[in-house]
J.: 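I am attaching a structure below and will ask some questions about it afterwards.
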Amino acid sequence: MKGLKSMMRFLRWGLISLLCSSCTLQPQMIVEKQEAVPDEIIVEIVNESYETDKNFIEIEGVLKESFVQGSDNQWYVYHDVDGNRTTAGPNCMDYRCSLDSDNLILYGHSSRTSQILFTPLMQYLDEGFAREHHEILLHFKDETRVYQLFSVFLFSVKQASDNDWMQTDFQKEYLFQQALSRLRKRSLYAFEESSADQLLTLVTCNTQNHDERLIVMASRNRQ
């Protein structure tokens, strides 16, 4: 039985860690599928003009990228917004998230050979760069949200239980605060502590090690 469990765990994570020129974590493989996000809060992709009535993520001097959200986390990994097959789909918000979730999670491809999508996030492995680019903006139709960086770390796909950053909502305030404390401690370098009640998590492959994902986390107060 123990051997069977080990084999199943190996097969499970082997699917996630397939090598490719660009990759992203596919969270549907490690969380149970929940009810799809209602259509009225599906996030639309924006065009290259980044219209102010659409939705995109912005880090000044680092990236300015649109994102989509589907009814699962699988489709947009290898499909574009028109449904065409592609090797690197658009940035995607976790299907479990609503705009009021405790933790908004965005997944994006990265590459060793180009600066596609979330590849620029790899610069956050440098402490000086991270401290200089600590502000992350989410632009929506009716508002702009400002998040402050508080944790940068690498996640190993071989450590299935080490995925507390993937939780989108917490049942109690104290559970949220406990998770916030744990996630701060995981950071490669310490940031100044401040109060928060919503998190933003950016996820992409570590282009130097496809068994790892780079996790960039920021927080804000909703009021």
Side-chain angles (χ1 to χ4, degrees), residues 9-31 43 45 56-59 61-70 72-81 84-97 103-127 129-130 133-134 136 138 147 149-168 183 186-189 199-218:
R9 186 180 299 112
F10 174 80
L11 293 173
R12 184 185 194 185
W13 287 100
L15 291 173
I16 299 176
S17 56
L18 288 174
L19 296 179
C20 57
S21 61
S22 60
C23 65
T24 190
L25 181 65
Q26 301 177 24
Q28 74 288 347
M29 296 180 181
I30 54 178
V31 297
V43 180
I45 193 167
F56 59 97
I57 179 172
E58 180 179 13
I59 306 174
V62 181
L63 60 80
K64 190 175 185 180
E65 289 284 345
S66 57
F67 56 89
V68 296
Q69 184 183 41
D72 59 41
N73 290 328
Q74 178 68 34
W75 178 257
Y76 284 118
V77 175
Y78 296 118
H79 291 85
D80 63 23
V81 294
N84 301 311
R85 185 75 178 178
T86 180
T87 56
N91 300 314
C92 186
M93 179 180 284
D94 195 298
Y95 76 95
R96 298 169 298 159
C97 292
N103 184 19
L104 300 182
I105 307 174
L106 296 180
Y107 305 95
H109 286 281
S110 59
S111 173
R112 287 188 292 256
T113 59
S114 70
Q115 289 295 303
I116 63 168
L117 303 175
F118 273 3
T119 302
L121 293 181
M122 292 305 303
Q123 298 172 90
Y124 277 95
L125 291 175
D126 177 80
E127 181 176 357
F129 179 91
H133 299 87
H134 58 84
I136 303 175
L138 282 189
Y147 297 81
L149 189 68
F150 77 91
S151 188
V152 177
F153 58 92
L154 293 170
F155 165 75
S156 172
V157 299
K158 297 179 180 180
Q159 299 295 325
S161 62
D162 195 22
N163 59 1
D164 50 350
W165 54 270
M166 289 189 65
Q167 188 164 344
T168 58
L183 292 164
R186 293 181 67 174
S187 184
L188 297 173
Y189 21 84
L199 308 180
L200 172 64
T201 301
L202 310 180
V203 186
T204 194
C205 281
N206 178 2
T207 57
Q208 303 303 314
N209 183 348
H210 282 281
D211 285 334
E212 293 180 337
R213 305 295 179 257
L214 172 65
I215 312 298
V216 176
M217 299 195 70

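In what follows, every heavy atom counts, from backbone to side chain, and hydrogens, waters and symmetry copies are set aside.
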J.: Given side chain to side chain contact (heavy atoms under 4.5 Å, CB included), test N163 with M166 step by step and report yes or no.
T.: CA-CA 6 Å; N163 59 1; M166 289 189 65; 4.1 Å; yes

J.: Do V68 and V81 make a side-chain contact, defined as non-hydrogen atoms from C-beta onward lying under 4.5 Å apart?
T.: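 Yes. Closest side-chain heavy atoms under 4.5 Å.
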
J.: Do side-chain atoms of S187 reach the backbone of V152 as a donor and acceptor pair under 3.5 angstrom?
T.: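 Between the backbone of V152 and the side chain of S187 there is a qualifying donor-acceptor contact (under 3.5 Å).
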
J.: Before you tell me yes or no, could you show the steps for I215 and L202 under side chain to side chain contact (heavy atoms under 4.5 Å, CB included), namely the whole-Å CA-CA distance, both residues' side-chain angles and the distance that decides it to 0.1 Å?
T.: CA-CA 6 Å; I215 312 298; L202 310 180; over 6 Å; no

J.: Out of L214, V216, L106, which one pairs with F118 under the side chain to side chain contact (heavy atoms under 4.5 Å, CB included) rule?
T.: L106

J.: Tell me the closest heavy-atom pair linking S111 and T119, and the distance in Å.
T.: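 Looking at all heavy atoms of both residues, the closest pair is N-OG1, 2.9 Å.
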
J.: Using side chain to side chain contact (heavy atoms under 4.5 Å, CB included), reason through T201 and L104 one step at a time and then give a plain yes or no.
T.: CA-CA 6 Å; T201 301; L104 300 182; over 6 Å; no

J.: Using 0.5 Å steps for rounding, measure from the CZ atom of F129 to the NE2 atom of H134.
T.: 12.0 Å

J.: Taking atom types as modelled, find out whether T204 and S110 have a side-chain donor-acceptor pair closer than 3.5 angstrom.
T.: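 The answer is yes; a qualifying pair exists.
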
J.: Taking C-beta and beyond as the side chain, do E65 and F56 meet within less than 4.5 Å on heavy atoms?
T.: no

J.: Is the backbone of S156 close enough, under 3.5 Å, to the side chain of Q159 for a donor and an acceptor to pair up by distance?
T.: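 Checked: no pair found.
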
J.: Do the non-hydrogen side-chain atoms of N91 and Y76 ever get within less than 4.5 Å of each other?
T.: no

J.: For F153 and L188, which heavy atoms make the closest approach, and how far apart are they?
T.: CA-CG, 4.1 Å

J.: Please give me the minimum heavy-atom distance between L117 and H109, naming the atom from each residue.
T.: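 Looks like CB-O, 3.5 Å.
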
J.: One pair to check against salt bridge (Lys or Arg N to Asp or Glu O under 4.0 Å): D162 and R186. What are the steps and the verdict?
T.: CA-CA 11 Å; D162 195 22; R186 293 181 67 174; 3.0 Å; yes

J.: So how far is it from C205 SG to L154 CG, rounded to the nearest 0.5 Å?
T.: 11.5 Å

J.: Going from SG on C92 to NE2 on H79, what distance comes out if it is rounded to the nearest 0.5 angstrom?
T.: 13.0 Å

J.: T168 and N103: side-chain donor and acceptor closer than 3.5 Å?
T.: no

J.: Output the distance between atom CG (N206) and atom CZ (F155), rounded to the nearest 0.5 Å.
T.: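 The CZ atom of F155 is 13.0 Å from CG of N206, to the nearest 0.5 Å.
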
J.: What heavy-atom pair brings M217 and L183 nearest, and what distance separates the two atoms?
T.: CE-CD1, 3.6 Å

J.: Treating Q69 as the side-chain partner and C97 as the backbone partner, does any N or O pair qualify as donor plus acceptor under 3.5 Å?
T.: yes

J.: Any chance you could measure I105, atom CD1, to L199, atom CG, to the nearest 0.5 Å?
T.: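 CG of L199 is found 9.0 Å from CD1 of I105.
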
J.: What's the shortest heavy-atom distance between A218 and Y147, and which atoms?
T.: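 Closest approach of A218 to Y147: CB-CB, 3.5 Å.
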
J.: CD of E212 to OG1 of T207: how many Å apart, nearest 0.5 Å?
T.: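 The distance works out to 10.5 Å.
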
J.: For the residue pair Y189 and L125, what are the closest heavy atoms and their distance?
T.: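 In this case the closest contact between Y189 and L125 is OH-C, 3.7 Å.
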
J.: Taking atom types as modelled and ignoring hydrogens, do the side chains of Y107 and D94 form a donor-acceptor contact shorter than 3.5 angstrom?
T.: yes

J.: Using atom types as modelled and distance alone, determine if a side-chain donor or acceptor of D72 lies under 3.5 Å from a backbone N or O of W75.
T.: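 Indeed, once roles are kept as given, a pair shorter than 3.5 Å links the two residues.
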
